[in-house]
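Only one structure is covered here, and it is reproduced in the block below.
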Amino acid sequence: MENFEFCNPTRILFGRGAEEKVGQAVAVYSKHILLHFGGGSIKVSGLYDRVTASLTKAGVTWVELGGVQPNPRLSLVQEGVRLCKQHQLGLILAVGGGSVIDSAKAIAMGAMIDGDVWDFYLGKGAPVAALPVGTVLTIPAAGSEASTGTVITNEIGWLKRAVNSELIYPRFSILNPELAFSLPKFQVASGIADIMAHLMERYFTNVKHVSFIDRLLEATMKTLITQAPLVLGNPQDYDAWSELMWAGTIAHNNLLNTGRVGDWASHQIEHEISGIYDVTHGAGLAVVFPAWMKYVLKHDLNRFVQWSVRVWNVEMDVYNPEAVALAGIASLEAFFHYIGLGTKLADLDVPSDRIDEMADKCTEGNTQPAGNFVLLDRNAVKKILQLAG
Ligand code: NZQ
Ligand code: ZN
């Protein structure tokens, strides 16, 4: 196991009706805030009314900025930065999914600088300050509610890039599993695929003697496999949503990468796909991950065998470990199909004519290999995208 430091400061308020505490939670930091949300689901569900009632009760006033799109855009972030500066707002409250939260985190960094926040996403400097962010989560998926990450798409060049900073851990996140009842099935499935991907990115590591976290990762993957059919069968299954929502947060709050180095190539490759084609992140991962696995399988067959046997209950065959590993990958694909996702680029309506461009962007013109488990050059990324085709 590698040395590590771990401190996740996000306060979690979990359970039925938890959003009613949002006013109190916000008022600890500021009485004048930016209320940030997406395309309207929170108004249809009535969540907007409950959140604003709680803010009013706590004496909090707000400026609103809705309209965050999935794969959140830089232009709206810039509008949010402008509003924060103009009205001297003291916190950004994100009510929604990963896209709203990521947009809020970007605004939080941008509000503290004179320059362009996009520079951080290009790796030009690192943030030294950020406004506090709080969240009310409406979809278990990205894990942004307790992560250091924010992923933004710049419409100029359709580049999707991430920043990671401990400054943007949300101060609090409100997790009421009931808020997921209204999710469309495709978003449910995409969210589950994203959580699964966050676990697998961490699972496939070269670091040895990490069996404790291996076991936690396996348990969390098994939780997804058992709870997914329950929420898809009954969207109002509070108990199953509770398991999924908490699993989604734990999957990405950095606990499960302690002492190890995750891979993240599949995420990097998926970000190139959703940057250009605006596909749903989790649905993109369901296509990339199996292809990545087939490509890197032989790098550490034992790890794939362990995963297949422990997570997918594939029968051990010491004489044919590759068949065991491939059976695990086939089980993963079957799971994605079962929850309603495709595993080929064509299922995303993504043609194969820009594979070279995506491979090039993903490796910064073949100067920065993607991933860690196996370092992938441009040609390797291209082969993975072809395997996904
Ligand atoms: O915009 P509204 O109307 O709210 O609709 C949203 C949106 O259309 C809808 N939705 C959300 N909650 C709902 C609901 N509809 C009905 N009922 C509800 N309760 O779902 C759609 C998708 O929302 P989005 O926020 O885009 O989903 P998700 O949480 O999957 O976020 C995806 C984004 O997160 C990034 C992805 O790249 C992508 O841009 N990621 C962020 C990470 C991070 N910050 O740590 C890590 C991830 O790996 C990921 O890259
Ligand atoms: Zn993800």
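Counting convention: from 1, in listed order, for ligands and their atoms alike.
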Residues 89-102 side chain polar contacts: donor-acceptor under 3.5 Å, at least two apart:
| from | atom 1 | to | atom 2 | distance (Å) |
| --- | --- | --- | --- | --- |
| Ser99 | OG | Asn71 | N | 3.4 |
| Asp102 | OD1 | Ser144 | OG | 2.6 |
| Asp102 | OD2 | Val151 | N | 3.1 |

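Within a 4.0 Å radius of atom 9 (C) of ligand 1, the protein has no heavy atom. For atom 6 (C) of ligand 1, no protein non-hydrogen atom is found at a distance below 4.0 Å. For atom 23 (O) of ligand 1, the nearest protein heavy atom lies 4.0 Å away or farther.
Side-chain contact check for Ser274 and Glu270: at least one donor-acceptor pair (N or O, by modelled atom type) lies under 3.5 Å. For Glu178 and Asn176, the side-chain atoms include at least one donor-acceptor pair closer than 3.5 Å. Gln86 and Arg82 form a side-chain donor-acceptor contact under 3.5 Å, judged by distance and modelled atom types alone. Looking at His252 and Arg202, their side chains do bring a donor and an acceptor atom within 3.5 Å of each other. Between the side chains of Trp241 and Glu243, no donor N or O sits under 3.5 Å from an acceptor N or O. Checking Tyr203 against Asp263 by side-chain atom types alone, no donor-acceptor pair falls below 3.5 Å.
Regarding atom 13 (C) of ligand 1, its nearest protein heavy-atom neighbour is Leu183 CD2, 3.2 Å. Nearest protein heavy-atom neighbour of atom 47 (C) of ligand 1: His198 NE2, 3.4 Å. Annotation: atom 26 (O) of ligand 1 to nearest protein heavy atom, Ser99 OG, 2.6 Å. Ranking protein heavy atoms by distance to atom 34 (O) of ligand 1, first place goes to Ala142 CB, 3.6 Å. For atom 49 (C) of ligand 1, the nearest non-hydrogen atom of the protein is His281 NE2, 3.3 Å. The single protein non-hydrogen atom nearest to atom 37 (O) of ligand 1 is Lys160 NZ, 2.8 Å, given as residue, atom name and distance.
For ligand 1, the atoms sitting less than 4.0 Å from at least one non-hydrogen atom of His267 are 48 (O), numbered in the order shown with element in parentheses. Counting the atoms of ligand 1 from 1 in the order shown, those under 4.0 Å from a heavy atom of Ser182 are 16 (C), 17 (N), 18 (C), 19 (N). Below 4.0 Å from some heavy atom of Thr138 lie the following atoms of ligand 1, by number and element: 11 (C), 12 (N), 13 (C), 18 (C), 19 (N). Near His271, with a cut-off below 4.0 Å to any heavy atom, the atoms of ligand 1 are 37 (O), 50 (O). Annotation for ligand 1: atoms under 4.0 Å from non-hydrogen atoms of Ala141 are 29 (O), 30 (O). Those atoms of ligand 1 that come under 4.0 Å of a heavy atom in Pro72, given as number and element, are 39 (O). The Ser147 neighbourhood of ligand 1 comprises atoms 43 (C), 44 (N), 45 (O), with distances under 4.0 Å to a heavy atom of that residue. Ligand 1 places these atoms under 4.0 Å from at least one heavy atom of Gly97: 25 (O), 29 (O).
Taking the six-membered ring where tryptophan is involved, the planes of Tyr121 and Trp118 are essentially parallel, since the angle between them stays under 30° and well short of 60°. The aromatic rings of His281 and His198 sit tilted relative to each other, their planes meeting at an angle between 30° and 60°.
Note: an N/O pair closer than 3.5 Å links Gly149 and ligand 1 by distance alone. Polar contact with ligand 1: present for Gly40 (N/O pair, distance under 3.5 Å). Residue Gly98 has at least one N or O atom closer than 3.5 Å to an N or O atom of ligand 1. Taking distance alone, with nitrogen or oxygen atoms compared against 3.5 Å, Gly39 approaches ligand 1 more closely than that limit. The shortest N or O to N or O distance between Ile139 and ligand 1 is not under 3.5 Å. Looking at ligand 1, you'll find an N or O of Ser41 within less than 3.5 Å of one of its N or O atoms.
Residue Asp102 touches ligand 1 through its side chain alone, judged by heavy-atom distances below 4.0 Å. Looking at Leu179 against ligand 1, only its backbone comes within 4.0 Å, counting heavy atoms.
Once rounded to the nearest 0.5 Å, the distance linking CG of Leu376 with CD of Gln268 reads 8.5 Å. Atoms OG1 and CD1, from Thr138 and Ile174 in turn, are 12.5 Å apart once rounded to the nearest 0.5 Å.
Transitive grouping of hydrophobic side chains (ILVMFWY, heavy atoms separated by less than 4.5 Å) keeps Trp62 and Val68 in distinct clusters. Cluster annotation: Met293 is connected to Phe336 through the hydrophobic network of ILVMFWY side chains, with a link wherever side-chain heavy atoms come within less than 4.5 Å. In terms of hydrophobic clustering, with Ile, Leu, Val, Met, Phe, Trp and Tyr side chains grouped at heavy-atom distances under 4.5 Å, Val288 and Trp158 are assigned to different clusters. Hydrophobic cluster membership differs between Tyr48 and Leu175, with clusters built from Ile, Leu, Val, Met, Phe, Trp and Tyr side chains linked at under 4.5 angstrom.
Residue Glu145 forms a side chain to side chain donor-acceptor pair (under 3.5 Å) with just one option from Thr135, Thr249, Thr10, and that option is Thr249. The one candidate from Trp292, Trp312, Trp307 that meets the side-chain contact (heavy atoms from CB on, under 4.5 Å) condition with Ile329 is Trp307.
Near the Zn ion (ligand 2), less than 2.8 Å away, sit the protein N, O or S atoms Asp194 OD1, His198 NE2, His267 NE2, His281 NE2.
Proximity annotation for atom 20 (O) of ligand 1: of Glu270, Gln187, His252, Glu145, Gln187 comes nearest, heavy atoms only.
Lys361 and Glu357 are joined by a salt bridge, as a carboxylate oxygen and a charged side-chain nitrogen come within less than 4.0 angstrom of each other. A salt bridge is defined here as a Lys NZ or Arg NE, NH1 or NH2 lying under 4.0 Å from an Asp or Glu carboxylate O, and Asp116 with Lys124 fails to meet this definition.
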